[in-house]
Amino acid sequence: MESTLKIYNTLTRQKETFEPVNPPHVGLYVCGPTVYSDVHLGNVRSFLSFDVVYRYLRFSGYKVRYVRNITDVGHLVDDADSGEDKIAKKARLEALEPMEIVQKYTNGFHEVMRIFNILPPSIEPTATGHIIEQIDMVQKIIAAGYGYEVDGSVYFDVRKFSKDHPYGKLSGRNIDDLKANTRELDGQSDKRDSLDFAIWKRAEKGHIMRWPSPWGDGFPGWHLECSAMSTKYLGKEFDIHGGGMDLKFPHHECEIAQNVGATGKSGPRIWMHGNMLTVTGRKMSKSEGNGFTPEELITGNHKLLEQGYSPMTVRFFMLQCHYGSTLDFSNEALRAAEKGYARLMEAIQTAGKAEASNSSTVDIDKLRTDCQAAMDDDFNTPVLISVLFEAAKTANLIKSGQEKATSADLEKLIQLFEDYAFEVLGFSTEKSVDSADSTLTPGLMDLIINLRKSAKLSKDYATADQIRQQLTALGIEIKDTPEGTDYKIN
RNA sequence: GGUCGCGUGGCCGAGUGGCUAGGCAGAGGUCUGCAAAACCUCGUACAGCGGUUCGAAUCCGCUCGCGACCUCCA
């Protein structure tokens, strides 16, 4: 397969032509959620970005194994090593079993993914399900000389590692700067050096989540799971690793060090980082408390929200921005997206109703080429959407007879929308599907429209307008066109 | 403080040496009994100051403003 896809690689800071390690297979790993609280919009943006990456790779003919983990252990609540496991803490607060917390928020996460039409990954491994693999990796790191045990905990020796291998390349740091700027934290006395990070942590008494290990009861370090699971399912060398920009350092930097330390290989060839969602210029984050749950977004029940927005409106809104740029949330922008999305979907419906001609005045192939070029250029969804709007305009012009298309061209146009709007961008039509009414409604609407038509023909505009008004009140929009009357249920 | 990034028309947001991004809002027009929808036309924007160049929003330098990471975060 000849690749025309270019991807911006954070590691090299440039766009690179995508060449899979083992074509036509592609290994894609994305850092998943920590399931100790509800996902917020910023999380959704990240998973959405990589959903489109996954979709486009598949669409381009690759056989993609997409691994997105569930972090159900290992992140600490407070400062690094002195803290208590986030999930364990939440469990105590809510008087639940840790795994009950994990299940609850995992379910919630899946529901949110479903609502936003984000595809499930090929494998969704959990950290707790890969303790053995993680212990194994710790042992390999120790054997390679980059790990040391202190009193039941194992740390990664960053300084020693950096003598043999580059450390900090991904995030553009050098260890001397880091050293100078590292905060001195309580409870770090076990470490030989403040740059070092835990890969296995001793469980104190009362710590609920614990597993036996060669170093006593404990739990895996925060960065280890991704290294262990990506290696297990995608190999020592694979294609793409994605995640949020905020994971670049230290999380991804540590992952690389662990990979090299344990396997001799650095893991992914390409690192992709999605940028942050901001609210009035500030990063939306859990700690800032400026995010919304998806439910609040959809219902509009949040102080920052002037109204609710449908999941597809949000999806469209986010994809109108490149994944690598920050995207600022605002009601005004979301409302603009709502209208734009509706117009696009409307035009796609229109394409299906257009009449074919004997000849064409439109160039659908050009549109398709443009769509591909947009996505090939580092998944440039905003440009793709702009091309889809051109296609939408084309559809409208064909329908109104200002342009002509053969039936073959109409087919191509419909297929273009099918491919790029639905399959690649993952939009879906949100019409309220009420199966019982779905056959009745068109008949009723024809009846009503014909009544109004009769009224209009007899110049009884009062009646005609009344019908229109009352339909509008019911959420049905009447559209008079030169070809007749159409309607749209909002 | 260290490292990195950003600043585009009323709003959102692509582009990154010369060729219309696109959406929303606004103005005018076509169509219509009217309205809506659809379509057409329109704004001639790139933080500021210098420099490189035949030519810069796009490259370089400086200034101002904003942000991210350096601590769990997508």
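Labels below follow one simple rule: chain letters A, B, ... track the order of the sequence lines, proteins then strands, and each chain is numbered from 1.
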If the plane angle is over 60° it's perpendicular, under 30° parallel, otherwise tilted; pick one for [X] and [Y].
X: A:His251; Y: A:His223; result: tilted
X: A:His302; Y: A:Phe292; result: perpendicular
X: A:Trp271; Y: A:His252; result: tilted

To the nearest angstrom, how far is [X] atom [atom1] from [N] atom [atom2]?
X: A:Asp486; N: B:rC39; atom1: CG; atom2: P; result: 14 Å
X: A:His322; N: B:rG15; atom1: NE2; atom2: C1'; result: 12 Å
X: A:His223; N: B:rU71; atom1: NE2; atom2: P; result: 10 Å
X: A:Leu195; N: B:rG2; atom1: CG; atom2: P; result: 18 Å
X: A:Leu277; N: B:rG13; atom1: CG; atom2: C1'; result: 14 Å
X: A:Glu338; N: B:rC12; atom1: CD; atom2: C1'; result: 15 Å
X: A:Ile476; N: B:rA36; atom1: CD1; atom2: C1'; result: 15 Å
X: A:Ile348; N: B:rA38; atom1: CD1; atom2: P; result: 14 Å

OP1 or OP2 of B:rA14 sitting under 4.0 Å from any side-chain N/O of A:Asn380? no

Output yes when at least one side-chain N/O atom of A:Asn396 is less than 4.0 Å from OP1 or OP2 of B:rA38, else no. no

Pairs involving residues 456-475 of chain A, ordered by first then second residue, that meet salt bridge (Lys or Arg N to Asp or Glu O under 4.0 Å) (sequence neighbours left out): A:Lys456-A:Asp480, A:Asp465-A:Arg468

So, under a plain 3.5 Å distance rule, would you say the side chain of [X] forms a donor-acceptor pair with the base of [N]?
X: A:Arg13; N: B:rC4; result: no
X: A:Arg468; N: B:rA35; result: yes
X: A:Asp480; N: B:rA35; result: yes

So [X], base contact, sugar-phosphate only, or nothing? Heavy-atom distance under 4.0 Å.
X: A:Asp328; result: sugar-phosphate
X: A:Arg173; result: base
X: A:Gly243; result: sugar-phosphate
X: A:Gly32; result: sugar-phosphate
X: A:Ser325; result: sugar-phosphate
X: A:His40; result: base

With rounding to the closest Å, how many angstrom separate the [atom1] atoms on [N] and [M]?
N: B:rG28; M: B:rG67; atom1: C1'; result: 41 Å
N: B:rG5; M: B:rG23; atom1: P; result: 32 Å
N: B:rG15; M: B:rC6; atom1: C1'; result: 15 Å
N: B:rG1; M: B:rU63; atom1: P; result: 13 Å
N: B:rU3; M: B:rG61; atom1: P; result: 15 Å
N: B:rU20; M: B:rU41; atom1: P; result: 13 Å
N: B:rA57; M: B:rU8; atom1: C1'; result: 7 Å
N: B:rA14; M: B:rG22; atom1: C1'; result: 8 Å

When Watson-Crick pairs (N1 to N3 and N6-O4 or O6-N4) and G-U wobble pairs (N1-O2 and O6-N3) count only below 3.5 Å on both distances, what is the dot-bracket string of RNA chain B, with | for other-strand pairs? (((((((..(((.....[...))).(((((.......)))))....(((((..]....))))))))))))....

Which pairs, protein N/O on one side and nucleotides 16-23 of chain B N/O on the other, fall under 3.5 Å?
unit_1: B:rG23; atom_1: OP1; unit_2: A:Arg343; atom_2: NH2; d: 3.2

Would the [X] and [Y] ring centres measure less than 6.0 Å apart?
X: A:Phe427; Y: A:Phe422; value: no
X: A:Phe161; Y: A:Phe156; value: yes
X: A:Tyr341; Y: A:Phe317; value: no

Selected nucleotide, minimal atom distance to [X] side chain, candidates [options]:
X: A:Ser285; options: B:rC73, B:rA37, B:rC39; answer: B:rC73
X: A:Arg452; options: B:rG33, B:rC39, B:rA74; answer: B:rG33
X: A:Leu327; options: B:rC34, B:rG13, B:rC39; answer: B:rG13
X: A:Leu397; options: B:rA36, B:rC69, B:rC40; answer: B:rC40

Could you tabulate the donor-acceptor pairs under 3.5 Å formed by side-chain atoms of residues 385-394 of chain A, not counting sequence neighbours?
unit_1: A:Ser386; atom_1: OG; unit_2: A:Val383; atom_2: O; d: 2.7
unit_1: A:Thr394; atom_1: OG1; unit_2: A:Glu390; atom_2: O; d: 2.9

Calculate, to the nearest 0.5 Å, the distance between atoms OH and CD1 belonging to A:Tyr461 and A:Ile467 respectively. 13.5 Å

Output all residues satisfying side-chain contact (heavy atoms from CB on, under 4.5 Å) with [X], sequence neighbours left out; order by chain, then residue number.
X: A:Gln470; result: A:Gln466
X: A:Ile115; result: A:Glu111, A:Ile298, A:Pro311
X: A:Thr326; result: A:Asn275, A:Thr278
X: A:Thr12; result: A:Asn9, A:Gln14, A:Glu16

Write down the protein N/O and nucleotide N/O pairs, taken from nucleotides 42-48 of chain B, whose separation is under 3.5 Å; answer none if there are no such pairs.
none

Quick check on RNA chain B: between A:Gly244 and A:Cys321, whose nearest nucleotide comes earlier from the 5' end? A:Cys321

Quick one: do A:Tyr8 and A:His322 satisfy ring-ring contact (aromatic ring centres under 6.0 Å, His included)? Show the steps, please. CA-CA 12 Å; A:Tyr8 182 84; A:His322 186 80; 8.8 Å; no

N/O contacts under 3.5 Å, protein versus nucleotides 65-68 of chain B?
unit_1: B:rG67; atom_1: OP1; unit_2: A:Arg282; atom_2: NH2; d: 2.8

Contact summary for A:Phe219 and A:Arg202, nearest pair of heavy atoms: CE2-O, 3.8 Å

Residue list, salt bridge (charged side-chain N to carboxylate O under 4.0 Å, His left out) with A:Arg343, at least two apart or on another chain: none

Tell me, please, which residues at least two apart from A:Trp200 pass side chain to side chain donor-acceptor pair (under 3.5 Å). A:Ser213

